[in-house]
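First the proteins, then the strands, lettered A, B, ... as listed; each starts at 1.
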Number of protein chains: 4
Amino acid sequence: MTEAARKEPGAGGRPRSEEARAAVLHAVDDLLLEVGYAGVTMKGIAERARVSRQTVYRWWSTKAEVLFEASVNDAAAELAVEPTDDPLADLTAYLEALVRFLAHSPAGAAYRALIGEAQGDPAVAALLATKDVLGDSARAVVRRAVGEGRGKLPLDQATALLIGPTFFWVLSGRDPGRLVARERAEAYLHEVRAGEIMGTA
Amino acid sequence: MTEAARKEPGAGGRPRSEEARAAVLHAVDDLLLEVGYAGVTMKGIAERARVSRQTVYRWWSTKAEVLFEASVNDAAAELAVEPTDDPLADLTAYLEALVRFLAHSPAGAAYRALIGEAQGDPAVAALLATKDVLGDSARAVVRRAVGEGRGKLPLDQATALLIGPTFFWVLSGRDPGRLVARERAEAYLHEVRAGEIMGTA
Amino acid sequence: MTEAARKEPGAGGRPRSEEARAAVLHAVDDLLLEVGYAGVTMKGIAERARVSRQTVYRWWSTKAEVLFEASVNDAAAELAVEPTDDPLADLTAYLEALVRFLAHSPAGAAYRALIGEAQGDPAVAALLATKDVLGDSARAVVRRAVGEGRGKLPLDQATALLIGPTFFWVLSGRDPGRLVARERAEAYLHEVRAGEIMGTA
Amino acid sequence: MTEAARKEPGAGGRPRSEEARAAVLHAVDDLLLEVGYAGVTMKGIAERARVSRQTVYRWWSTKAEVLFEASVNDAAAELAVEPTDDPLADLTAYLEALVRFLAHSPAGAAYRALIGEAQGDPAVAALLATKDVLGDSARAVVRRAVGEGRGKLPLDQATALLIGPTFFWVLSGRDPGRLVARERAEAYLHEVRAGEIMGTA
DNA sequence: TTTTAATCGAGACGGTACGTCGAGTCTTGAC
DNA sequence: GTCAAGACTCGACGTACCGTCTCGATTAAAA
């Protein structure tokens with residue numbers, strides 16, 4: 001449904017079946033792993049969830065919406081890192097979580113597929129724009145590690161610097177095992193802190 | 001066509017129509033702009049190219065293949081930068097070309113769509129792996145700018161560092177106008193050269 | 001409602017809303033004219049009558065039942081002819097009423113549609129068998145005009161002789177304007193009276 | 001297809017599968033008997049004929065068209081009577097064939113259903129108007145029996161007089177076993193011949 | 001006066017057919 | 001052997017109506 005149960009209008013009527021909602025979200029998770037994004041269909045989701053096709057369409061209009069709702073909570077959870085007093089450790093933990101999410105987590109696979117679909121489908125792009133999972137999670141970490149506004153670099157560009165290389169690495173099909181989070185975190189910290197002084201980037 | 005015109009088998013027979021081939025590649029370019037990646041279909045390509053459906057299938061098996069062939073040459077051309085003696089200028093020029101390609105060029109739109117499709121479709125991933133347009137173009141620039149193997153950072157990770165932030169920025173739907181190539185190039189140069197000494201990367 | 005308001009079971013309870021009943025019958029009449037029999041749906045009836053779907057189903061189980069109840073009273077009224085002392089005049093008046101009913105009246109359109117539905121749907125056939133509107137109206141006229149049992153022809157066959165040609169004419173889509181009731185009435189009278197003597201038909 | 005294979009345009013292309021055409025017509029015949037007109041669906045026809053749904057829609061746009069094509073040939077055959085020199089015998093034979101057709105033949109069941117559907121669906125009415133199976137067959141018999149234009153009664157009204165009573169009898173669900181063709185034929189002959197002299201009907 | 005019970009509206013539910021579309025394949029005749 | 005044309009099977013699309021099922025809110029007669 002994208003935005004959780006709106007039940008204002010009228011008031012009357014049979015209430016939405018929470019069971020059906022859960023079954024659909026569960027089904028789409030399973031299907032993504034089994035048949036891949038391209039193989040997921042609204043029909044397939046409905047059948048797997050033992051739910052009528054109409055019920056799926058009633059609450060989500062595309063498979064992208066179902067996937068988004070199914071994965072966005074998992075995504076936020078998997079990308080959250082417990083803050084410590086050590087910025088380097090935080091950054092390292094975040095980069096490790098990022099690789100794990102993008103390259104190995106089911107929620108990450110869903111997210112990659114959505115990012116992909118968004119490249120050729122404006123509707124999906126708009127959907128993704130409603131919640132910037134990656135950006136939000138990174139911003140929290142970066143803000144703690146380097147402080148906001150202390151460098152000349154806007155916060156969102158600083159996060160792009162952090163996320164970008166890993167993002168490209170995974171999406172372009174390179175081996176995620178070859179990434180070393182610790183080194184990247186050190187270099188990143190060095191770079192953005194230099195930016196504070198040099199005023200470059 | 002994926003594998004260039006093979007003319008070995010048998011002997012006689014009508015030769016492949018170069019006219020048809022060009023018409024297909026042309027049509028797919030047009031269609032991409034008009035209806036977007038999701039709207040492109042094999043049927044649509046054939047009709048637009050005034051070519052029979054069978055003819056398209058004879059030479060390409062998926063729309064991804066047609067798009068790939070139609071855009072890969074343009075892509076390489078658009079990402080090539082004339083080498084100068086100034087590494088900073090080269091890097092800056094490359095980053096500008098990269099933004100132009102990813103965010104504004106038709107070939108780039110096709111490439112983004114293909115990268116996207118690859119996230120959920122292994123066949124497309126394999127297709128893209130046959131020619132690493134982005135990596136190749138960046139490698140050439142990076143090699144000239146910092147020298148190969150002089151840092152501890154492997155070359156392909158150094159290129160990921162260069163491409164990644166921009167790649168993420170554009171694919172996540174952020175405004176490409178806010179990227180400043182010059183600053184990024186300076187910071188990049190600073191970082192990878194520090195890596196040579198610090199051995200971090 | 002098919003079987004008039006039964007109020008036996010239990011005891012208390014909210015009484016049936018006569019308003020709702022009338023609204024439904026009214027709605028089905030309107031809809032039949034606007035969208036035709038095929039276009040009438042239970043859903044459409046409910047919405048048009050500003051009544052819940054369940055309420056329609058509570059009292060009628062198919063659209064045929066609603067239509068039947070909505071049209072049967074009108075039908076009987078439209079087919080009733082005031083008896084005079086002149087059999088020929090009675091028959092003529094009846095045939096005129098029959099054409100008017102079958103070819104031009106809304107109730108007749110409903111009746112034709114029901115007869116039609118009955119050809120392929122035994123449930124509708126059974127429904128129609130509960131009240132032979134056409135036969136009843138004709139029987140009354142024929143009985144007065146020629147007397148019952150005076151010919152060898154059973155009464156219902158004599159009525160079929162009267163109704164049949166017009167019935168076929170209209171249902172097979174022929175122009176009702178070309179029927180001349182007076183001539184048909186004369187011939188009919190001649191034929192059935194001959195039957196009394198000849199003992200043939 | 002309603003009008004047999006049109007193969008003029010273009011010339012190229014795979015020819016229509018006669019096998020598929022026959023399978024569809026056969027399937028709809030079977031289905032009509034098994035599940036009744038209301039139970040016949042385009043989906044059901046396609047599945048029963050082991051043919052794709054698209055193929056059915058390619059040549060017929062509604063189930064009425066399929067049924068019409070499937071039954072019209074049988075209908076004409078079943079209603080044809082071998083002319084003799086005895087008008088009374090011809091008429092009797094025709095009336096017997098008519099009862100057999102309307103009340104007992106599969107083609108007749110289809111025809112009744114189509115007539116029925118036509119009452120509430122103008123498209124079906126138009127379809128039926130393209131070929132007046134009942135009228136054509138009766139006209140041939142009546143013309144031979146009484147001569148055309150010898151009475152004041154137009155030929156098609158004379159045929160309505162012949163067909164009508166039986167038509168009404170069967171369509172209103174009355175027992176076809178109670179009809180006696182011979183008596184009806186005699187009365188009919190008597191009536192229309194009287195009409196020649198009396199100039200009534 | 002409180003139950004009690006059947007009504008009402010609204011609207012979600014599982015089904016199933018609708019008619020369309022794209023994917024690939026196959027079958028012609030012409031080149 | 002390629003080409004245009006176009007019929008073929010298959011399966012998903014998104015919509016519509018089916019008939020059933022909860023809901024909360026009425027509305028009267030029975031307790």
Side-chain angles (χ1 to χ4, degrees), chain A residues 7 9-17 19-21 39-47 49-59 61-63, chain B residues 7 9-17 19-20 39-47 49-59 61-63, chain C residues 7 9-17 19-20 39-47 50-59 61-63, chain D residues 7 9-17 19-21 39-47 50-59 61-63:
Chain A
K7 219 50 238 304
R14 178 174 176 174
R16 176 177 185 186
S17 162
E19 194 177 357
R21 176 178 175 276
V40 174
T41 65
M42 290 298 255
K43 185 171 187 282
I45 294 169
E47 284 168 2
R50 314 295 236 95
V51 142
S52 93
R53 212 126 61 87
Q54 183 69 46
T55 295
V56 181
Y57 280 110
R58 182 145 37 224
W59 304 110
S61 43
T62 62
K63 67 172 174 174
Chain B
K7 229 36 249 305
R14 179 174 177 173
R16 174 176 186 186
S17 160
E19 194 176 358
V40 174
T41 64
M42 292 295 257
K43 188 169 182 286
I45 293 169
E47 283 167 3
R50 313 296 239 94
V51 143
S52 94
R53 214 122 60 84
Q54 186 66 46
T55 297
V56 182
Y57 280 110
R58 187 148 29 226
W59 304 110
S61 45
T62 63
K63 71 169 174 175
Chain C
K7 240 17 260 292
R14 179 174 178 172
R16 174 176 185 186
S17 161
E19 194 176 357
V40 174
T41 65
M42 291 296 256
K43 187 170 183 284
I45 294 169
E47 283 167 3
R50 313 297 238 96
V51 143
S52 94
R53 213 123 61 84
Q54 185 67 36
T55 296
V56 182
Y57 279 110
R58 185 146 33 223
W59 305 110
S61 45
T62 63
K63 71 170 173 175
Chain D
K7 219 52 236 309
R14 178 175 177 173
R16 176 177 184 184
S17 161
E19 194 177 358
R21 177 179 175 274
V40 174
T41 65
M42 290 297 255
K43 186 172 186 283
I45 294 170
E47 284 169 1
R50 314 296 238 92
V51 143
S52 93
R53 212 127 61 88
Q54 183 69 46
T55 295
V56 182
Y57 280 109
R58 183 149 30 227
W59 303 108
S61 43
T62 62
K63 67 172 174 175

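Position along DNA chain E of the nearest nucleotide to D:Q54 versus D:K63 favours D:K63 as the more 5'-ward residue. Each of A:T62 and D:T55 has a nearest nucleotide on DNA chain F; the 5'-most of these lies closest to D:T55. In terms of position along DNA chain F, the nucleotide closest to B:A49 lies nearer the 5' end than the nucleotide closest to the other residue of the pair A:M42 and B:A49. Map A:V51 and C:R50 each onto its nearest nucleotide of DNA chain E; the residue landing nearer the 5' end is C:R50.
Looking at the side chain of B:Y57, the nearest of the listed nucleotides E:dT7, F:dG19, E:dA23 is E:dA23. For C:T41, the listed nucleotide lying nearest its side chain is F:dC18; candidates were F:dT2, E:dC8, F:dC18. Taking every side-chain heavy atom of A:R14 into account, F:dT20 is the closest of E:dC8, F:dC3, F:dT20. Distance from the side chain of A:P15 is smallest for F:dC23 among the nucleotides F:dC23, F:dC3, E:dT7.
Note: CZ (D:R21) to P (F:dT9) measures 15 Å, nearest angstrom. Atom CD1 in C:I45 sits about 18 Å away from atom P in F:dA16, given to the nearest Å. Going from atom NZ of A:K43 over to atom C1' of E:dC21 covers 15 Å, rounded to whole Å. Rounding to whole angstrom units, CH2 of residue B:W59 and P of E:dG24 are separated by 18 Å. C:R16 has its CZ atom 17 Å from the P atom of F:dA29, to the nearest Å. Atom CD of A:E19 is separated from atom C1' of E:dA12 by 13 Å (rounded to the nearest Å). Note: CZ (A:R58) to P (E:dA10) measures 17 Å, nearest angstrom.
Shortest non-hydrogen contact noted between B:V56 and B:M42 is CG1-CE, 3.9 Å. Taking both residues in full, the closest heavy atoms of B:R53 and B:A46 are given as CA-CB, 3.8 Å, listed atom of the first, atom of the second, then distance.
Across all strands shown, B:R53 has heavy atoms under 4.0 Å from base atoms, whether or not it also approaches the sugar-phosphate. Looking at heavy-atom distances under 4.0 Å, C:S52 makes contact with a base.
Put simply, CZ on C:R16 and OG1 on C:T55 are 9.5 Å apart, with the number rounded to the nearest 0.5 Å. To the nearest 0.5 Å, atom CZ of residue A:R58 and atom OG of residue A:S17 are 10.5 Å apart. To the nearest 0.5 Å, atoms NZ (C:K63) and NZ (C:K43) are separated by 14.5 Å.
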